[in-house]
Amino acid sequence: MTEPVLTVEDLSVRIAGLHILQGVSFTVAPTGVTVLLGRNGVGKTTTLRAVVGLTPRNGEVRGTVRMGAQSLLARPTYRLVRGGLGYVPEDRCVFAGLTVTENLRLAERRGTIPAYDKVYALFPELERRGRQRAGSLSGGQQQMLAIGRVLLNDNRLLLVDEPTKGLAPKVVTEVAEVLERVAESVPVLLVEQNLAVVRRLAKDAVVLAAGQVAWTGDAQELLLETALTKSLLGVGTGEPHHASGRAAPVGKDAH
């Protein structure tokens, strides 16, 4: 069997005394898109931030996170990024006072050749607006810039948090198309609420509930199981179908 690109085991996160994640365990396949699902507030963003080393200073992280054979939790974020872990945050985090070109230049990794041709082929709008300040871009254009910064460099794994949140339907489609193409060459761990995007992109799914893993398995089978999807996510979609994924009762660790 092919080894997972990311392994998370018994991950627990406390922030300001609150137990956000409680023994979360899952793996990310070395190809395609693995989607992290769940209702609001269950710990999806906290999971990504813990993996990339961005939990707050008043937070406490325990457990094991490995990319391949390399342990991640003890390493600072900048070293993880240099090692091929790409991260697109939920709030995009572009530098509003800098131009598009300046934002991209800041993302260049020392000692590597940035892939501007690839980024501009995926997002021609970024090349056209190179001299425009990032703060004056639309939300969709800022999301393209946030993704483009990561794609300048070679990555072993991409963590992408809510890339279509708040975007117009046309832009959602454009972002989904880009992620679909990106996932052909690099695995993606995606947090996404838009189930149409999930249906298009995701191969595997991990569902969180109350800070724990409640279900893992084939993403397409999950979306076809109306009752299960409604129970876990609060929405129903698709036709009734038997989902063969693995349920982990809330209140117990999922391994």
Are the side chain of [X] and the backbone of [Y] linked by a donor-acceptor contact shorter than 3.5 Å?
X    : Y    : result
K165 : D91  : no
R156 : G84  : no
R109 : D154 : yes
T64  : L11  : no
N155 : N153 : yes
S12  : G23  : yes
T77  : V52  : yes
Q141 : S138 : yes
Q142 : A134 : yes
T101 : G130 : yes

Distance alone, cut at 3.5 Å: any donor-acceptor contact between the side chains of [X] and [Y]?
X    : Y    : value
E225 : T229 : no
D10  : S25  : no
T164 : E192 : yes
E162 : N194 : no

Chi angles and distances behind the side chain to side chain contact (heavy atoms under 4.5 Å, CB included) call for Q193, K44 = CA-CA 11 Å; Q193 298 278 33; K44 303 184 299 294; 3.8 Å; yes

E125 bridged to R128 by N-O distance under 4.0 Å |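 A salt bridge is present here (some side-chain N lies under 4.0 Å from a carboxylate O).
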
Identify the two heavy atoms, one from [X] and one from [Y], that lie closest to each other, and give their separation to 0.1 Å.
X    : Y    : result
G43  : I20  : CA-CG2, 4.2 Å
A176 : R200 : CB-CD, 4.3 Å
L126 : V100 : O-CG1, 3.6 Å
L157 : V28  : CD1-CG1, 4.1 Å
R62  : L73  : C-CD1, 4.5 Å
L85  : M67  : CD1-SD, 4.1 Å

Is it the case that one hydrophobic cluster holds both [X] and [Y], taking links as side-chain heavy atoms less than 4.5 Å apart, direct or via other members?
X    : Y   : value
Y120 : V88 : yes
L151 : V81 : no
V61  : L54 : yes
L98  : V94 : no

Distance from [X] atom [atom1] to [Y] atom [atom2], nearest 0.5 Å?
X    : Y    : atom1 : atom2 : value
L158 : L189 : CG    : CG    : 10.0 Å
Q143 : F123 : CD    : CZ    : 8.0 Å
R57  : I15  : CZ    : CD1   : 14.5 Å
I113 : L152 : CD1   : CG    : 12.5 Å
L72  : R66  : CG    : CZ    : 9.5 Å
T7   : Q70  : OG1   : CD    : 12.5 Å

Side chains of [X] and [Y]: does their closest heavy-atom pair fall under 4.5 Å?
X    : Y    : value
F95  : R133 : no
V160 : V191 : no
R49  : Y87  : yes
V207 : L233 : yes
V35  : D204 : no
L145 : L104 : yes
V5   : P187 : yes
E174 : M144 : yes

Could you give me the CA-CA distance, side-chain angles and deciding distance for V8 and T27, then say whether side chain to side chain contact (heavy atoms under 4.5 Å, CB included) is met?
-> CA-CA 6 Å; V8 177; T27 60; over 6 Å; no

Flag if over 12 foreign heavy atoms under 6.0 Å of CG, D117 =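 No - once you tally the heavy atoms of other residues, nucleotides and ligands closer than 6.0 Å, there are 12 at most.
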
Candidates V42, L222, L232 - the one meeting side chain to side chain contact (heavy atoms under 4.5 Å, CB included) with L37 |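 Exactly one candidate clears the test, L222.
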
Sort out for me which residue in L18, L21, V24 forms a side chain to side chain contact (heavy atoms under 4.5 Å, CB included) with V13.
->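 When L18, L21, V24 are each tested with V13, the side chain to side chain contact (heavy atoms under 4.5 Å, CB included) holds only for L21.
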
Assess whether salt bridge (charged side-chain N to carboxylate O under 4.0 Å, His left out) is satisfied between E108 and R110, documenting all intermediate values.
-> CA-CA 6 Å; E108 294 178 9; R110 186 178 302 175; over 6 Å; no

